S.K.: 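Sharing a structure with you now.
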Amino acid sequence: MEIYLIIMLILMICGSLFSLHAKDLLSAVISYGIVGFGLVISFLLLQAPDLAIVQVVIEIVTLVIMIAVIKDTTEVQDKQTASFSQFIYLLVLLLFTIAFYLAFDKISGSLSPFGQHTTRMATAYTQGVHETGSANLVTGIVFGFRGYDTLGEATVLFTAVIGVLTILRLKGKKGE
Amino acid sequence: MKGMTIIVRKVTQFIAPIIFLFGLYIVFYGHLTPGGGFAGGVIMASAFILQILANGEILDKLRQEESGLEFLESGAILGFLIIAGLGLIISSSFVFFSNFINKGIVGKLLSAGMIPLENIIVGTEVCAAITTIFIALVVFKDEVAL
Amino acid sequence: MIPFILCLILFLIGLYGIITQKNLIKIIIGLAIMEYSVNLFLIMIGYIEGGTAPIFAEKFHLNNYVDPLPQAMILTAIVIGLATTALLLAMAIRLYRKYGTFDIRKINSLKG
Amino acid sequence: MKKITLFIILFLIWMAFSFNLETANILSGVFAALLTTLIFSSRFLTSWKKFYNPVRYFWLIIYIIIFVWECIKANFDVAYRVLSPRMPIKPGIVKVHSSLKTEIAKVILANSITMTPGTITVDIIDSDLYVHWIYVKSDDPAYYTKKIIGRFETLLKRIFE
């Protein structure tokens, strides 16, 4: 079980590296799809079918939108020359890596090892079938115990749509 | 926006209603099987996206559709708030998001009180939002060039 | 412990993309990769070896579910992720229409 | 009438999805199929009468059997070409003239050609199919038309026309 997850993660890492170094944008976007669909299979391996269903459709929609955006642009990335700013970027990246690694080292002591999770918090939720009446526990939590979060999520989605329309629409609705 | 070849268009005629129906199924059975409002809403939106991509739509018609979708989306959020507020007014416990309808038997379609209603409303909202984003990004992109 | 470390590496690759790449689309891709790795990390924390998917079935009463709380949180985060990606892409389109390129160095020098 | 046809098909698909016979399920199925019909019926097929003709379904079953058989044969052919060390391939695009009239029959024919390994339909323009073939056996139009679509075409004419 764990070994399959490791294989999927290595595939995702390869896909992301290729995606960031691809010459033209179309192959970058398509190999970005590897990461998303690898994530879908990882969700299935981790027993989260709800998330797998959402992620697979979202990934397709994201790919369609991205390809629609870059479709009629023919930009090829020119060779990056080593310069002073490049050196600074790498230094910043190294500092970030060290900081994240130290933080991860600190918290990994309090994390239980992979697959040995003890559901301290979620015991009430897993027993809550008869409280919400929903056989799918995830839906029961999303709408029952944590309705406020869902309300906030709906608001964020609405705001994002308004933002997209505001940015993209030049003419008014009257068409003047 | 131009459409695609006849093969794609003819197959879309059959596939798009079935995809939409499957999205509705995911929404209606969200409290029994994997899925729910979010997944079903995105699947329903993908049926519309498939139709727009395959047939190629006229810009003016899409403008009308888009304003209708905005109306649907705002209405869905309002409905969500009303359902949440009903718990405050009607139920005896006076809590926001109170699940006051009879729960029924776990595993039947008519169970879980308010959760199917909330599923349907969130599905409508997500479907409208993602279709609007797609129309804006793909169609209004051409408009900016004018 | 190895999956957690690989997840951290995926996060750092996304960060590397944001810091070093010059193309707007690739910066957006880097951001999306970071988001994916965080989602996967949170789901991994909740996994129990041999646990079943959190769906209650009447027939067999084994209470060995995977933790449903992170799944419910990530479910909303995925949809929000699509919305933020779309917003970023909209800004990229506007910049492309104005300056004719996705390269941030050229956009910086053309500004004014 | 077109709407009723679509409604019946969608309702049957709904029952196949959910697979139980409770009243609530049937009512929600009717609602869902009605909603889908109202939204999508304007783009659905126009020739609804052919759906209620049982003879066409008989030919459809025979078509599926023949299609599976052709598929297996083509699979072995392509496997031989891939595995043999001399690589006996001669790819090219041929223009096949089809005598089918309706659009849906042409699309089904194109999809059948695509699904058999070794041949891919690139495009349909009027009644000509442009087919990419892994080994173009001859330049004679009559020969390759018979070779590629010969068996499918007569059956499709019985199913759709």
Side-chain angles (χ1 to χ4, degrees), chain A residues 2 5-6 9 12-13 16-17 19-20 25 28 32 35 39 42-43 46-51 54-55 58 61-62 65 69-70 73 75 77 89 92-93 96-97 100 104 108 113-117 119 121-122 125-126 129 135-138 141-142 146 149-150 153 156-157 160 163-164 167-168, chain C residues 1-4 6-10 12-17 19-23 25-26 29-30 32-33 36 40 43-49 51-56 63 65-69 71-72 74-76 78-80 82-87 89-94 96 101-102:
Chain A
E2 196 179 339
L5 194 65
I6 290 170
L9 267 165
M12 282 162 73
I13 287 171
S16 57
L17 274 177
S19 163
L20 290 174
L25 288 177
Y32 158 73
V35 187
L39 191 65
S42 307
F43 282 157
L46 292 168
Q47 304 285 344
D50 302 77
L51 295 180
V54 179
Q55 180 70 40
I58 288 275
V61 172
T62 315
I65 289 176
V69 167
I70 61 159
T73 66
E75 203 167 342
Q77 203 168 21
Y89 291 146
V92 169
L93 188 68
F96 264 115
T97 310
F100 273 114
F104 180 78
S108 63
F114 180 74
Q116 310 286 315
H117 177 63
T119 48
M121 273 293 287
Y125 295 133
T126 48
V129 178
N136 186 351
L137 293 175
V138 175
I141 291 173
V142 166
R146 293 198 167 256
D149 283 345
T150 312
E153 187 273 340
V156 170
L157 196 58
V164 169
I167 289 171
L168 282 179
Chain C
M1 199 46 70
I2 302 170
F4 291 140
L6 285 173
C7 231
L8 180 73
I9 291 172
L10 196 62
L12 287 172
I13 288 172
L15 192 71
Y16 159 76
I19 291 177
T20 59
Q21 294 297 317
K22 299 292 184 296
N23 199 311
I25 300 289
K26 287 195 177 171
I29 287 176
I33 288 170
Y36 283 176
L40 187 55
I43 295 294
M44 262 194 237
I45 287 177
Y47 179 69
I48 298 172
E49 191 74 52
T52 53
I55 289 159
F56 181 80
N63 274 346
Y65 299 125
V66 173
D67 194 347
L69 182 60
Q71 295 193 10
I74 298 303
L75 189 64
T76 54
I78 289 174
V79 180
I80 293 177
L82 174 66
T84 49
T85 309
L87 197 60
L89 282 171
M91 289 180 193
I93 288 177
R94 281 314 289 266
Y96 186 81
T101 177
F102 278 129

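So that the names make sense, note that chain A is the first sequence line, chain B the second, and so on, each numbered from 1. Here the structure is a predicted model, which is why all the values come from computation and not from measurement.
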S.K.: Measuring heavy-atom distances to chain C, does A:Val156 have an atom under 4.5 Å in its side chain, in its backbone, in both, or in neither?
M.R.: side chain
S.K.: Taking C-beta and beyond as the side chain, do A:Val142 and A:Glu153 meet within less than 4.5 Å on heavy atoms?
M.R.: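 The answer is no, as the side chains (C-beta and beyond) never meet within the 4.5 Å cut-off.
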S.K.: For A:Leu39, which atoms come within 4.5 Å of any heavy atom of chain C: side chain, backbone, both, or neither?
M.R.: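 The side chain, not the backbone.
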S.K.: What part of A:Leu46 lies closer than 4.5 angstrom to a heavy atom of chain C: side chain, backbone, both or neither?
M.R.: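 Both parts, backbone and side chain.
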S.K.: Looking at C:Ile43, C:Ile2, C:Ile74, C:Ile9, which one has more heavy-atom pairs under 4.5 Å with chain A than the rest?
M.R.: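 Highest number of heavy-atom pairs under 4.5 Å: C:Ile43.
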S.K.: Please state whether the side chain, the backbone, both or neither of C:Leu8 comes within less than 4.5 Å of a heavy atom of chain A.
M.R.: side chain
S.K.: Heavy-atom distances under 4.5 Å only: say whether C:Thr85 touches chain A with side chain, backbone, both or neither.
M.R.: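 Looking at C:Thr85, just its side chain touches chain A.
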S.K.: Where does C:Ile13 contact chain A at under 4.5 Å (heavy atoms): side chain, backbone, both or neither?
M.R.: both
S.K.: Please name all residues satisfying side chain to side chain contact (heavy atoms under 4.5 Å, CB included) with C:Ala83, sequence neighbours left out, ordered by chain then number.
M.R.: A:Leu157, A:Ala160
S.K.: Using ring-ring contact (aromatic ring centres under 6.0 Å, His included) as the criterion, list what pairs up with A:Phe96, not counting sequence neighbours.
M.R.: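 Partners of A:Phe96 under the ring-ring contact (aromatic ring centres under 6.0 Å, His included) test: none.
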S.K.: Given side chains that start at C-beta, do those of A:Thr62 and C:Leu82 come closer than 4.5 Å, heavy atoms only?
M.R.: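 Contact flag for A:Thr62/C:Leu82 side chains = yes.
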S.K.: With heavy-atom distances below 4.5 Å as the criterion, would you say the side chains of C:Ile25 and A:Tyr32 are in contact?
M.R.: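 No, their side chains stay 4.5 Å or more apart.
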S.K.: Measuring only between side-chain heavy atoms, which start at C-beta, is C:Met44 closer than 4.5 Å to A:Leu5?
M.R.: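 Sidechains of A:Leu5 and C:Met44: in contact.
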